[in-house]
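Down below is the structure, laid out as structure tokens.
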Amino acid sequence: MRRSRIISVVVLIGLAIGVWVALRPAPLDLPAGITAEEYRRAEAKLAGVLKREPQPAEVWFRIGMDASTSEELLPSQKLTAAAECFRHVDDVHALGPSARMQEGHLWLKHHLAAKAEACYRDVLVLDRTTEVPEAVAATARSFLVYILSVEIRLEDRGRVLTECGERSRPWQSGDLRVLSLNECKQLHFPHMLGLNSEKGRQRLAEFLNADPGNPDLLAAQGRYLTLDGQLTKARDYLEAVVKKHSTPACTAALVDCCYQQNDWERVVELLPGNHEQPEPWIITRVRGQRALQAKDWLSAEENFRRVLIKEPADQESHVGLAAALQGQDRHEERSEILRASAALARIRVEMVRVRENTPEEASALVQLCLEAGLNKAAEDFGWHADRMQQMREGRQ
């Protein structure tokens with residue numbers, strides 16, 4: 001009898017332990033720099049707001065937000081910990097896209113542009129397959145475009161805007177994913193917008209200070225110096241950069257600087273031998289200029305046309321193509337190219353007049369785009385012209 005009682009007690013204890021093990025909270029996977037006490041405190045605070053027990057993803061998001069909204073820059077360990085809190089929110093969770101975006105904001109606040117760029121790109125990748133809130137997708141795109149603009153990565157920026165614009169077609173008023181008027185200018189006329197801005201240079205300096213070995217940032221610094229007319233300084237700087245980072249972006253920046261200095265010997269040394277592969281448009285355009293100099297009209301035509309496939313509003317390539325056609329006595333084609341070039345010159349002047357609530361100016365820009373053969377640009381600016389006219393008439 002006594003033995004059976006002991007067995008019963010042991011069984012009951014075993015059951016109690018089993019229930020406790022089954023019901024006890026799972027151990028926290030804490031990022032370095034975040035304590036269990038901090039997690040529990042955030043959990044309790046959030047429970048008071050939500051009036052329910054919060055999900056772990058909600059708690060991680062809250063801790064990340066608390067850290068990212070701090071008035072002061074976080075020390076390295078805390079910064080990494082805060083970013084990890086956002087990473088603890090799974091992509092498939094409702095807060096996943098917002099967590100990726102907020103992590104990007106956190107990195108950008110600390111001037112770590114490459115990390116911020118990766119986070120914003122993650123949001124746009126999620127937007128292809130999951131239901132990302134319009135405001136989150138549009139904000140992530142806006143900040144990504146900002147980073148690429150500061151770094152003068154016009155081709156990368158164009159690809160982002162093209163993909164996002166096509167994904168939201170047919171465009172509908174009120175859809176935050178639609179390319180804004182300014183984004184349309186950035187997409188269709190990247191070389192007509194001010195690239196050498198003081199704000200851009202200042203922001204790049206902050207990026208470089210936080211990430212001094214980043215090749216994209218180093219190439220951008222050389223581009224700013226070239227655009228500013230400091231060619232000797234730019235040349236010395238970029239020659240040193242290319243010795244350490246022979247990336248396409250760094251090489252292209254140096255090629256452009258040497259071209260501006262009319263140093264064709266160095267340009268030829270720098271031009272990659274295989275130009276069948278995709279390459280920065282600057283290098284392809286310089287190939288065209290080199291071919292013009294050598295009176296190799298066919299090669300010049302080929303290279304300028306390659307540029308215009310990627311950058312159809314590049315006026316220098318229009319002028320170069322016209323010269324290549326002149327060398328081949330193809331006068332009718334040359335006249336057509338020159339007409340497009342003249343329309344581009346007018347676009348450069350008129351584009352600044354196109355702002356919100358200026359439907360007439362936008363419509364005039366559409367006509368110039370058609371004259372220049374820029375049908376896609378005409379379609380996009382035409383959409384904005386119609387939108388602005390409808391707003392003026394009070395139909396929206």
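Keep in mind the model is a prediction, meaning the values are calculated, not measured.
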Check your understanding: Under a 4.5 Å cut-off applied to non-hydrogen side-chain atoms, are Q328 and E333 in contact?
Key -> no

Exercise for review: State the CZ-CG distance between R305 and L321, to the nearest 0.5 angstrom.
Suggested key: 4.5 Å

Revision key, fill the gap. Taking every heavy atom of G104 against every heavy atom of A116, the minimum-distance pair comes out as O-CB, 3.4 Å

Exercise for review: Please examine the side chains of K310 and T284, heavy atoms only from C-beta on, and report whether any two atoms are closer than 4.5 Å.
Suggested key: yes

**Study point:** Co-membership, hydrophobic cluster, residues L292 and L270, 4.5 Å side-chain
**Key:** no

Check your understanding: Do T69 side-chain atoms and D66 backbone N/O form a donor-acceptor pair below 3.5 Å?
Key -> yes

Point to revise | K185 side chain vs V354 backbone, donor-acceptor pair below 3.5 Å | key: yes

Point to revise | R353 with E350: basic N within carboxylate O range, under 4.0 Å | key: yes

Review point. Between E163 and R128, is there a salt bridge with N-O shorter than 4.0 Å?
Key: yes

Point to revise | Side chains of L344 and H318 in contact at under 4.5 Å (non-hydrogen atoms) | key: yes

Review point. Going hydrophobic residue to hydrophobic residue with side-chain gaps under 4.5 angstrom, can you get from L238 over to F207?
Key: yes

Review point. Counting heavy atoms not belonging to K244, are there more than 12 under 6.0 Å from its NZ?
Key: no

Point to revise | N-O pairing of E117 and R121 below 4.0 Å | key: yes

Review point. Do the non-hydrogen side-chain atoms of L179 and W171 ever get within less than 4.5 Å of each other?
Key: yes

Review point. Is any NZ, NE, NH1 or NH2 atom of the basic residue among E301 and R330 found under 4.0 Å from an Asp or Glu carboxylate oxygen of the other?
Key: yes

Taking only distance into account, with no hydrogens and no angle test, what donor-acceptor pairs under 3.5 Å do side-chain atoms of residues 82-90 form with protein atoms, sequence neighbours excluded?
unit_1: R87; atom_1: NE; unit_2: E103; atom_2: OE1; d: 2.6
unit_1: R87; atom_1: NH2; unit_2: E103; atom_2: OE1; d: 3.2
unit_1: R87; atom_1: NH2; unit_2: D122; atom_2: OD2; d: 3.1
unit_1: H88; atom_1: ND1; unit_2: E84; atom_2: O; d: 2.9
unit_1: H88; atom_1: NE2; unit_2: D29; atom_2: O; d: 2.8
unit_1: D90; atom_1: OD1; unit_2: V92; atom_2: N; d: 3.0

**Study point:** Worked verdict on R203 versus Y146 for side chain to side chain donor-acceptor pair (under 3.5 Å)
**Key:** CA-CA 10 Å; R203 199 69 172 106; Y146 167 73; 3.0 Å; yes

Exercise for review: May I have the step-by-step check of side chain to side chain contact (heavy atoms under 4.5 Å, CB included) for S173 and W383, ending in yes or no?
Suggested key: CA-CA 9 Å; S173 294; W383 185 89; 3.9 Å; yes

Practice item. List the steps and the verdict of salt bridge (charged side-chain N to carboxylate O under 4.0 Å, His left out) for R141 and E183. Key: CA-CA 10 Å; R141 181 185 75 208; E183 286 174 329; 2.9 Å; yes

Review point. Do you reckon V267 sits in the same ILVMFWY cluster as V241, going by side-chain contacts under 4.5 Å, direct or chained?
Key: yes

Review point. Heavy-atom count around R169 CZ within 6.0 Å, excluding the residue itself: above 12?
Key: yes

Review point. According to a 4.5 Å side-chain heavy-atom criterion applied to Ile, Leu, Val, Met, Phe, Trp and Tyr, with indirect links allowed, do V59 and L50 form part of one hydrophobic cluster?
Key: yes

Review point. Taking atom CD of E269 as the centre, does the number of heavy atoms from other residues, nucleotides or ligands within less than 6.0 Å exceed 12?
Key: yes

Point to revise | Short side-chain to backbone donor-acceptor contact, T251 and T247, under 3.5 Å | key: yes

Practice item. May I ask you to check whether over 12 heavy atoms, not counting those of E53, lie within 6.0 Å of atom CD? Key: no

Review point. Do D127 and R167 sit within salt-bridge range, that is, some charged N less than 4.0 Å from a carboxylate O?
Key: yes

**Study point:** Closest non-hydrogen atom pair between N214 and D216, with its separation
**Key:** OD1-N, 2.9 Å

Exercise for review: Consider only side-chain N and O atoms of E198 and Q202, and report whether a donor and an acceptor are under 3.5 Å apart.
Suggested key: yes

Practice item. To the nearest 0.5 angstrom, please state how far the CG atom of N209 sits from the CG atom of L217. Key: 11.0 Å

Review point. Strictly by modelled atom types, are R285 and Y259 linked by a side-chain donor-acceptor pair under 3.5 Å?
Key: no

Point to revise | Interatomic spacing from CG in L271 to CD in E279 - rounded to 0.5 Å | key: 8.0 Å

Point to revise | For the student: nearest non-hydrogen atoms of L74 and A67, plus distance | key: CD1-O, 3.8 Å

Review point. Should R153 and D156 count as an ion pair when the cut-off is N to O under 4.0 Å?
Key: yes

Point to revise | Distance in Å, L308 CG paired with I337 CD1, rounded so as to fall on 0.5 Å steps | key: 7.0 Å

Practice item. Quick one: pull up CG in L124 and CE in M101 and give me the separation to the nearest 0.5 Å. Key: 11.0 Å

Review point. Hey, are the side chains of M65 and S68 touching, using non-hydrogen atoms and a 4.5 Å cut-off?
Key: yes

Review point. Do R157 and L187 have side-chain heavy atoms sitting under 4.5 Å apart?
Key: no

Practice item. Go through the steps to decide whether L370 and L374 satisfy the test side chain to side chain contact (heavy atoms under 4.5 Å, CB included), and finish with yes or no. Key: CA-CA 6 Å; L370 292 173; L374 305 175; over 6 Å; no

Point to revise | Smallest separation among heavy atoms of A313 and F189, with atom names | key: CB-CD2, 3.7 Å

Exercise for review: Answer yes when E239 and K233 have at least one side-chain N-carboxylate O distance shorter than 4.0 Å, and no when they do not.
Suggested key: no

**Study point:** Chi angles and distances behind the side chain to side chain contact (heavy atoms under 4.5 Å, CB included) call for Y237, L254
**Key:** CA-CA 9 Å; Y237 178 88; L254 179 55; over 6 Å; no

Check your understanding: About how many Å separate NE2 of H110 and CD of E206, when rounded to the nearest 0.5 Å?
Key -> 12.5 Å

Review point. Taking C-beta and beyond as the side chain, do C164 and L161 meet within less than 4.5 Å on heavy atoms?
Key: no

Study note, to complete from the structure: Heavy-atom nearest pair, H245 first then C250, reads O-CB, 3.3 Å

Review point. Passes salt bridge (charged side-chain N to carboxylate O under 4.0 Å, His left out), R235 versus D263? Steps please.
Key: CA-CA 11 Å; R235 172 75 174 270; D263 185 352; 2.9 Å; yes

Study note, to complete from the structure: Nearest heavy-atom contact between L218 and P212 is CD2-O, 3.6 Å

Practice item. Please tell me if the side chains of D91 and L126 come closer than 4.5 Å, counting only heavy atoms from C-beta onward. Key: yes

Point to revise | side chain to side chain donor-acceptor pair (under 3.5 Å) contacts touching residues 186-197 (sequence neighbours left out) | key: H188-D380, N196-R201, N196-D228

Practice item. Hey, could you give me each pair passing side chain to side chain donor-acceptor pair (under 3.5 Å) that has a residue in residues 356-374? Not counting sequence neighbours. Key: R346-E371, E356-R387, E360-R392

Practice item. Go through R306 and E302 one step at a time and tell me if the salt bridge (charged side-chain N to carboxylate O under 4.0 Å, His left out) criterion holds. Key: CA-CA 6 Å; R306 285 188 180 190; E302 178 187 3; 3.0 Å; yes

Check your understanding: With the 4.5 Å side-chain cut-off for hydrophobic clustering, are L225 and L195 part of the same group?
Key -> yes

Point to revise | Pair H105-T139, side chain to side chain contact (heavy atoms under 4.5 Å, CB included): steps then yes or no | key: CA-CA 10 Å; H105 291 350; T139 301; 4.2 Å; yes

